[in-house]
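One structure is given below, encoded as structure tokens.
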Amino acid sequence: MVEQKKNPRKSLIWYCVIVLAVMAVLNTILLPQFSRMKTKEVDYSTFLTMLENGEVKQVEKDGDVIAFNSTNENDPFIYVTGAWDDPDLVDRLTQAGVQFTKVVPREESPWLSLLIGLVLPTALLWGAGYLLMRSMQKKMGGPNAMSFGKSNAKIYVAAQTGKTFADVAGEDEAKEALKEIVDFLHDPKKYESIGATMPKGALLVGPPGTGKTLLAKAVAGEANVPFFSISGSEFVEMFVGMGAAKVRDLFKQAQEKAPCIVFIDEIDTIGKKRDSAGLTGNDEREQTLNQLLTEMDGFDGKKGVVILAATNRPETLDKALLRPGRFDRRIPVELPDLQGRESILRVHAQDVKLGPDIDFSAIARATAGASGAELANIINEAALRAVRLGRFAVTQEDLEESVEVILAGYQRKSAVIAPKEKQIVAYHEIGHALVAAKQTDSAPVHKITIVPRTSGALGYTMQVAEDESVLMSREEIFNKIATLTGGRSAEELIFGTCTSGASNDIEQATKLARSMVTRLGMSEKFGMIALETQSNKYLGGDTSLACSEGTARQVDEEVITLIGKAHEKAFSILKENLPALHELAHYLLEKETITGEEFMEILKKYDSPAALEG
């Protein structure tokens with residue numbers, strides 16, 4: 001990374017050298033002259049003559065040195081050295097009416113005088129200013145807070161980002177869109193010859209952890225050009241106009257180092273839509289955005305300055321920022337699919353020692369909806385677990401356990417659960433699994449456990465689909481709701497009551513049922529009508545109803561009806577398979593954790609003709 005800041009230590013050394021030189025000049029030239037102008041030295045006989053002539057006004061004796069004031073204005077302070085041991089000196093001074101008082105101190109070292117009079121006050125003032133500057137820097141945001149108008153961008157010289165497209169997996173479409181930018185930076189004349197111009201900016205849009213920053217660094221590494229990296233929040237200052245000055249400085253540096261890439265992470269910090277709030281608006285943020293728009297219009301795209309930006313809130317960006325001529329190209333960086341997840345796992349496992357039984361395909365199927373950052377964390381957790389257990393290579397068991405750690409947290413081995421509660425948890429989890437297994441269009445059961453987790457779960461049932469589907473039918477969603485109600489149904493069927501263990505199941509079932517009614521058009525009552533709007537789809541997807549209060553009441557009734565039907569279906573399935581429910585629950589209580597294969601092996605006994613006859 002290129003450091004463009006001056007070293008403050010070198011400046012301080014030069015200041016010290018200059019001060020010492022000035023002190024030397026003052027000591028050798030000015031101070032001796034000053035001393036000679038103020039004091040004079042005479043012998044003792046001259047002192048006695050001046051005393052008899054009345055030329056001594058005040059006197060001070062210090063050992064064998066006498067200092068006195070003369071009536072002569074040209075010699076106000078005189079020293080007498082080599083004073084004799086005269087016993088009558090006091091009487092003579094008294095008779096002459098001389099005052100005994102402090103006249104003038106003995107001549108001090110010029111170095112000490114300069115130190116006390118000049119250097120020490122200067123050092124105190126400098127130290128106070130330094131402490132004040134440090135205090136202001138802490139309050140205003142770091143060591144660069146007083147670098148007014150200077151950009152805080154990290155500058156990586158050519159080929160030092162350390163990343164290429166080989167380090168990016170699972171985002172093939174995004175890489176294809178960015179390869180054109182790399183080709184332009186390598187050979188811009190090819191595009192100029194046909195009259196084509198490269199987009200000035202490309203906006204990377206996607207959920208957190210999908211690799212937007214990694215893609216930007218890979219583009220710089222592939223193009224072998226300087227790479228400027230800055231976060232949108234670093235433009236925000238407490239003084240109006242400072243953010244705009246930083247934008248100007250950033251683009252000035254980029255023009256000087258062209259061809260290059262400027263990457264602005266979290267651009268929604270400064271690129272939010274402008275409103276008509278007037279004086280109540282954020283003037284600093286709007287000035288920064290206006291300056292960014294101006295700079296993107298002002299620079300020549302043919303020089304090879306490419307602006308990349310990343311955000312996970314594209315709906316909040318100002319329309320002027322997204323128009324052609326600024327961020328011309330919008331590149332989605334979505335969550336990876338099944339094949340993409342497997343590729344990402346392989347990339348992050350390159351530097352990890354793996355055992356012979358590793359099956360990345362199984363891990364990829366078990367991590368539907370995981371981002372690239374989460375998959376990298378799974379590999380790292382597996383490696384840490386292998387080290388804890390004293391192994392020298394990661395096994396498939398380590399990977400599977402790391403998936404469960406990410407999903408449900410670590411095992412609470414020290415947790416003590418009462419036998420009655422443990423029995424309820426076992427029937428609850430088998431209820432989920434049994435309802436899922438007895439329905440069509442439902443993912444196979446992969447694992448069932450009643451080992452408590454740090455997330456608060458007392459157990460869970462994991463389902464892993466063989467293939468990844470993009471679309472979900474009404475029947476599939478309804479069956480998923482029925483599976484979620486299977487735990488509560490088992491509690492009611494076996495124990496005649498219900499517990500708080502189904503709280504998370506209820507939350508997920510309600511969310512699915514509401515989506516069927518308000519957004520997916522899967523309700524017989526409302527049909528294909530959108531009754532809900534979604535915002536921030538990359539950050540959890542907040543929703544808000546877009547209907548009247550009366551319609552909202554009917555929506556609630558429809559959601560209650562859907563969940564009620566699913567609950568009835570789950571209860572009926574469990575009642576029809578009561579012997580299998582008992583045996584599977586007892587087996588789970590004994591083993592605490594069983595695989596999908598063990599579950600299906602027991603369940604098949606009750607599906608056989610002999611079991612049906614019995």
Side-chain angles (χ1 to χ4, degrees), residues 338 359 361-370 396-397 399-401 403-408 411 422-453 455 457-469 472 475-491 493-494 501-502 504-505 508-509 512 566-567 569-608 611:
L338 178 60
D359 183 7
S361 177
I363 303 301
R365 289 196 304 272
T367 52
Q396 184 72 10
E397 182 187 354
L399 287 172
E400 291 178 353
E401 178 62 26
V403 171
E404 296 180 31
V405 166
I406 300 301
L407 295 177
Q411 293 184 6
K422 198 170 184 179
Q423 187 182 24
I424 293 175
V425 173
Y427 274 98
H428 182 105
E429 297 306 330
I430 293 298
H432 284 308
L434 194 54
V435 172
K438 289 297 180 178
Q439 292 184 116
T440 59
D441 301 321
S442 182
V445 175
H446 178 71
K447 185 177 183 178
I448 310 170
T449 180
I450 55 172
V451 176
R453 294 278 172 168
S455 64
L458 298 177
Y460 64 90
T461 300
M462 181 187 291
Q463 293 176 256
V464 177
E466 293 295 333
D467 298 313
E468 191 170 43
S469 59
M472 290 187 71
E475 291 73 25
E476 287 176 331
I477 300 178
F478 183 78
N479 289 346
K480 192 169 185 179
I481 297 174
T483 301
L484 289 169
T485 63
R488 169 62 64 86
S489 300
E491 294 178 11
L493 178 63
I494 302 302
N504 187 52
D505 302 331
Q508 293 185 53
L512 283 173
H567 187 193
K569 181 179 180 181
F571 193 90
S572 175
I573 291 174
L574 294 176
K575 194 172 182 180
E576 292 173 1
N577 296 273
L578 193 58
L581 177 63
H582 284 302
E583 182 174 351
L584 286 165
H586 292 151
Y587 186 74
L588 180 60
L589 271 172
E590 180 185 352
K591 298 289 187 180
E592 289 193 335
T593 299
I594 61 175
T595 64
E597 290 80 4
E598 292 175 305
F599 170 80
M600 292 305 299
E601 191 68 29
I602 296 175
L603 189 59
K604 283 178 182 178
K605 295 191 306 182
Y606 294 90
D607 292 337
S608 64

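Note that the numbering runs from 1 along the sequence shown for the chain. All figures in this text were calculated on a predicted structure; none of them were measured in a lab.
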Donor-acceptor check, side chain of T461 to backbone of E429, threshold 3.5 angstrom: yes or no? yes
State whether the side chain of H432 and the backbone N or O of T483 hold a donor-acceptor pair below 3.5 Å, judged by distance alone. yes
For a 4.5 angstrom cut-off between non-hydrogen side-chain atoms, does I494 reach L574? no
Are any of the side-chain heavy atoms of H428 and I450 separated by less than 4.5 Å? no
If you compare all heavy atoms of [X] against all heavy atoms of [Y], which two are closest, and at what distance to 0.1 Å?
X: A436; Y: V445; value: CB-CG2, 4.5 Å
X: T485; Y: S489; value: O-OG, 2.8 Å
X: I594; Y: Y587; value: CG2-CE2, 3.4 Å
X: A426; Y: A585; value: CB-O, 3.9 Å
X: Y427; Y: A490; value: O-CB, 3.3 Å
X: A570; Y: A482; value: CB-O, 3.5 Å

side-chain hydrogen bond (donor to acceptor under 3.5 Å, both in side chains) filter on E401, not counting sequence neighbours, yields R453
Residue set satisfying side-chain hydrogen bond (donor to acceptor under 3.5 Å, both in side chains) with Q463, at least two apart, ordered chain then number -> S442
Salt bridge K438-E576, side-chain N to carboxylate O under 4.0 Å: no
Do E404 and K447 meet the salt-bridge criterion of a basic N to acidic O distance under 4.0 Å? yes
Could you walk me through whether L578 and L493 pass the side-chain contact (heavy atoms from CB on, under 4.5 Å) test, one step at a time? CA-CA 9 Å; L578 193 58; L493 178 63; 3.7 Å; yes
Can you tell me how far CD of E400 sits from NE2 of H446, rounded to the nearest 0.5 angstrom? 4.5 Å
Above 12 or not: heavy atoms from other molecules or residues under 6.0 Å from CD of Q508? yes
With no hydrogens and no angle check, just 3.5 Å: does a side-chain donor-acceptor pair link H586 and H582? no
For K422 and L589, what are the C-alpha separation, side-chain angles and deciding distance, and is it a side-chain contact (heavy atoms from CB on, under 4.5 Å)? CA-CA 8 Å; K422 198 170 184 179; L589 271 172; 3.9 Å; yes
Passing candidate, side-chain contact (heavy atoms from CB on, under 4.5 Å) with L484, options L512, N479, V435: L512
Check step by step if side-chain contact (heavy atoms from CB on, under 4.5 Å) holds for I602 and E583. CA-CA 8 Å; I602 296 175; E583 182 174 351; 3.8 Å; yes
